[in-house]
Amino acid sequence: MSAATDKLIQGRTGAWEIVMGLEIHAQVASNAKLFSGAAVGFGAGPNEQVSLVDAGFPGMLPTLNKYCVEQAVKSGLGLRAQINLKSQFDRKNYFYPDLPTGYQISQLYHPIVGEGVVEVEAEDGSFFNVGIERLHLEQDAGKLIHDLSPTESYVDLNRAGTALMEIVSRPDIRTPEEAVAYVKKIRTILIYLGTCDGDMEKGNLRADVNVSVCRAGNYDKFKETGDFSFLGTRCEIKNVNSFRFISQAIQYEARRQIEILEDGGSITQETRLYDPTAGETRSMRSKEEAQDYRYFPDPDLLPLELEQAWIDAIKADLPELPDDKRRRFMSEYGLSQYDAGVLISEQAKALYFEEAAKGRDAKLVSNWVTNEVSARLAADGKDFSDNPLPASHVAQLVELIETNVISSKIAKEVFDYVWNGEGSPAEVVEKHGLKQVTDTGAIEKAVDEIIAANPDKAAAVAEKPQAIGWFVGQVMKATGGKANPAAVNDILKAKLGL
């Protein structure tokens, strides 16, 4: 995906490029809202988590939640971005039934976090950088419910006032695959930091995707000049909450814009919604500009001033982040870039691997974690945070392979028993008699019997050495798959004169 030719779309009238910037809305991991003490949590009954501030009662004044500010600073540091010592909250004025105050408190002119950069791994193993323009804090709105009555809409304000971090990227994203990889990387960073749980199904992380198309070569001109007119008119696709939908929405929207332009039309700047059932984007409203919201500094909130010492203390306490963990896994455990990348993609998976790899063959542990364990969890609809299999069981299984107690083939059978709750790998091996046969006398007896029963095949091995594989299979079959494969090969070679 990193080659320039991969970023071109061939239309009827020539080649086009897609250019995208994303706005990721991440719900701050906090027990209270941004400007009130009302609880935050999924699953509460309608309007059970609403304060007078959230409900917009007259005379109620907002009080800034310090912990949410700390979470935003931590996120900014994780994005390698500039933390602004002075920021300001603004009122974004618009009327909507789920916004009782008639305005949203956000940060337009002076965000808490400025420019940064995120390194993202593409599908082919290459890396690309996405610039971060800003991260600002804002409060979420409530939710309208339309399916409880044929004539009325209901309002649930539980979400109103919940703290959000809006992470705005530069227009550095060029393909649907890059967009998905970028969102995954941001999500992983925030989960590692503990600043957002990343649950897209609950809407705790969602993306607005700004899509524009331009003629091939215009993006390079934009990079050289900074002139946005080279990029074409953008349309914003609001609130996309799955990786698959992000990719599908971009593909549809790019094709839609190219078809309009190739037919001689022009693109209207607007906000659109993606309909996953129809597989298309639909117009929602014309795209508003800042002046349409009549922004002005919130008179109830003083400018936010931070001390550098406080920021330094937060930075000193940051956990190991994904990029650093990937590099350490490669140097400390000798893993490939690919294997390390798969392991660090989920914090719980990385922790599980490290626990299982203590004193064991790290590559072998990695294979079991990323293949067998991951596949079973996926089949059961679980992730590593819900993993029922202790890491110690994987470590013990690898130890049994390393010490030749069981073969790799038998290990898969042992794993099946262990996954189904029959005990630890050592207990399963003992219970089901699965120990590998290392007694060379027993293996030699099986070899002699098979050679004696197949003299023609034995004679043919001299001319065709690879035919020894047939004998290996027969010996393994005769010993119930328990014979040590290395010993079988050595004895067969000696007996067959290879």
Side-chain angles (χ1 to χ4, degrees), residues 22-51 53-55 62-79 81 87 89 92 96 98-101 104-107 111-113 118 132 134-145 155-169 182-209 237-243 245-246 314 319 346-348 383 385:
L22 271 69
E23 301 165 13
I24 294 176
H25 298 264
Q27 181 174 314
V28 176
S30 169
N31 291 327
K33 296 184 180 179
L34 185 56
F35 298 113
S36 80
V40 175
F42 188 78
N47 298 303
E48 289 184 353
Q49 297 176 333
V50 185
S51 75
V53 174
D54 308 321
T63 301
L64 182 59
N65 184 335
K66 181 181 178 181
Y67 182 71
C68 291
V69 174
E70 180 180 339
Q71 293 285 68
V73 170
K74 190 181 292 185
S75 299
L77 292 169
L79 298 173
S87 59
F89 287 97
K92 179 181 180 181
Y96 210 62
D98 58 4
L99 194 69
T101 57
Q104 178 191 36
I105 301 177
S106 183
Q107 294 183 310
I112 190 170
V113 176
V118 174
I132 300 297
R134 57 191 280 139
L135 177 155
H136 63 260
L137 279 168
E138 64 184 21
Q139 58 180 173
D140 204 353
K143 181 174 68 173
L144 289 177
I145 302 169
V155 181
D156 182 3
L157 296 179
N158 280 346
R159 209 167 63 188
T162 298
L164 299 178
M165 297 178 289
E166 182 170 334
I167 303 167
V168 183
S169 84
Y182 166 71
V183 176
K184 284 183 176 179
K185 183 60 178 289
I186 294 292
R187 179 179 181 271
T188 300
I189 290 172
L190 298 181
I191 291 174
Y192 267 69
L193 291 167
T195 57
C196 174
D197 66 13
D199 193 328
M200 300 180 76
E201 189 175 346
K202 295 177 182 175
N204 294 351
L205 189 140
R206 53 195 189 268
D208 297 344
V209 186
I237 309 168
K238 291 287 288 185
N239 291 330
V240 192
N241 67 344
S242 85
F243 301 128
F245 293 164
I246 288 171
I314 295 173
E346 293 179 54
Q347 187 177 36
D383 55 32
S385 59

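The figures here come from the full heavy-atom set of this structure, side chains too, leaving out hydrogens, waters and symmetry mates.
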Does atom CG of Asn31 have more than 12 heavy-atom neighbours from other groups under 6.0 Å away? no

Smallest heavy-atom separation, Pro100 atom then Leu157 atom, equals CG-CD1, 3.7 Å

Does anything in residues 36-49 pair up under salt bridge (Lys or Arg N to Asp or Glu O under 4.0 Å), and if so which pairs, sequence neighbours excluded? none

Taking side chain to side chain contact (heavy atoms under 4.5 Å, CB included) as the test, write out the residues that go with Tyr67, two or more places apart. Ser30, Asn65, Glu70, Gln71

Contact list for residues 29-47, test salt bridge (Lys or Arg N to Asp or Glu O under 4.0 Å), sequence neighbours left out: Lys33-Asp54

Note: Leu22 and Ala207 closest approach over all heavy atoms is CD2-CB, 4.5 Å

Taking the side chain as C-beta and beyond, is there a heavy-atom pair between Phe42 and Asp199 under 4.5 Å? no

Partners meeting side chain to side chain donor-acceptor pair (under 3.5 Å) with Lys74 (sequence neighbours left out): none

List in chain and number order the residues that pass salt bridge (charged side-chain N to carboxylate O under 4.0 Å, His left out) with Arg187, two or more places apart in sequence or in another chain; answer none if no residue qualifies. none

List for me each residue that meets side chain to side chain donor-acceptor pair (under 3.5 Å) alongside Ser75, sequence neighbours excluded, and say none if there are none. Thr195

In chain order, what residues pass the side chain to side chain donor-acceptor pair (under 3.5 Å) check against Lys92, with sequence neighbours excluded? none

All salt bridge (charged side-chain N to carboxylate O under 4.0 Å, His left out) counterparts of Lys184, not counting sequence neighbours: none

Residue set satisfying salt bridge (charged side-chain N to carboxylate O under 4.0 Å, His left out) with Asp197, at least two apart, ordered chain then number -> none

Decide yes or no for Val168 and Ile132: does some side-chain heavy atom of the first lie under 4.5 Å from some side-chain heavy atom of the second? no

What are the two closest heavy atoms between Val50 and Asn47, and how far apart are they? CG2-CA, 3.7 Å

Scanning both residues in full, the closest heavy-atom pair of Val53 with Phe35 reads CG1-O, 3.9 Å

Among all residues two or more places apart in sequence or in another chain, which pass the side chain to side chain contact (heavy atoms under 4.5 Å, CB included) test with Thr63? none

Residues that Ala141 engages under side chain to side chain contact (heavy atoms under 4.5 Å, CB included), provided they are two or more places apart: Asp98, Leu99

Heavy-atom neighbours of Lys143 NZ exceed 12 at 6.0 Å: no

Which atom pair, heavy atoms only, marks the closest approach of Leu135 to Gly76? CD1-N, 4.5 Å

Could you tell me which non-hydrogen atom of Ile105 sits nearest to which non-hydrogen atom of Gln139, and how far apart they are? N-OE1, 2.9 Å

Got a donor-acceptor contact below 3.5 angstrom from the Ser36 side chain to the Ser51 backbone? no

Test of understanding: with side chain to side chain contact (heavy atoms under 4.5 Å, CB included), list the residues that count as partners of Glu138, not counting sequence neighbours. His25, Gln104, Ser106, His136, Leu164, Glu166

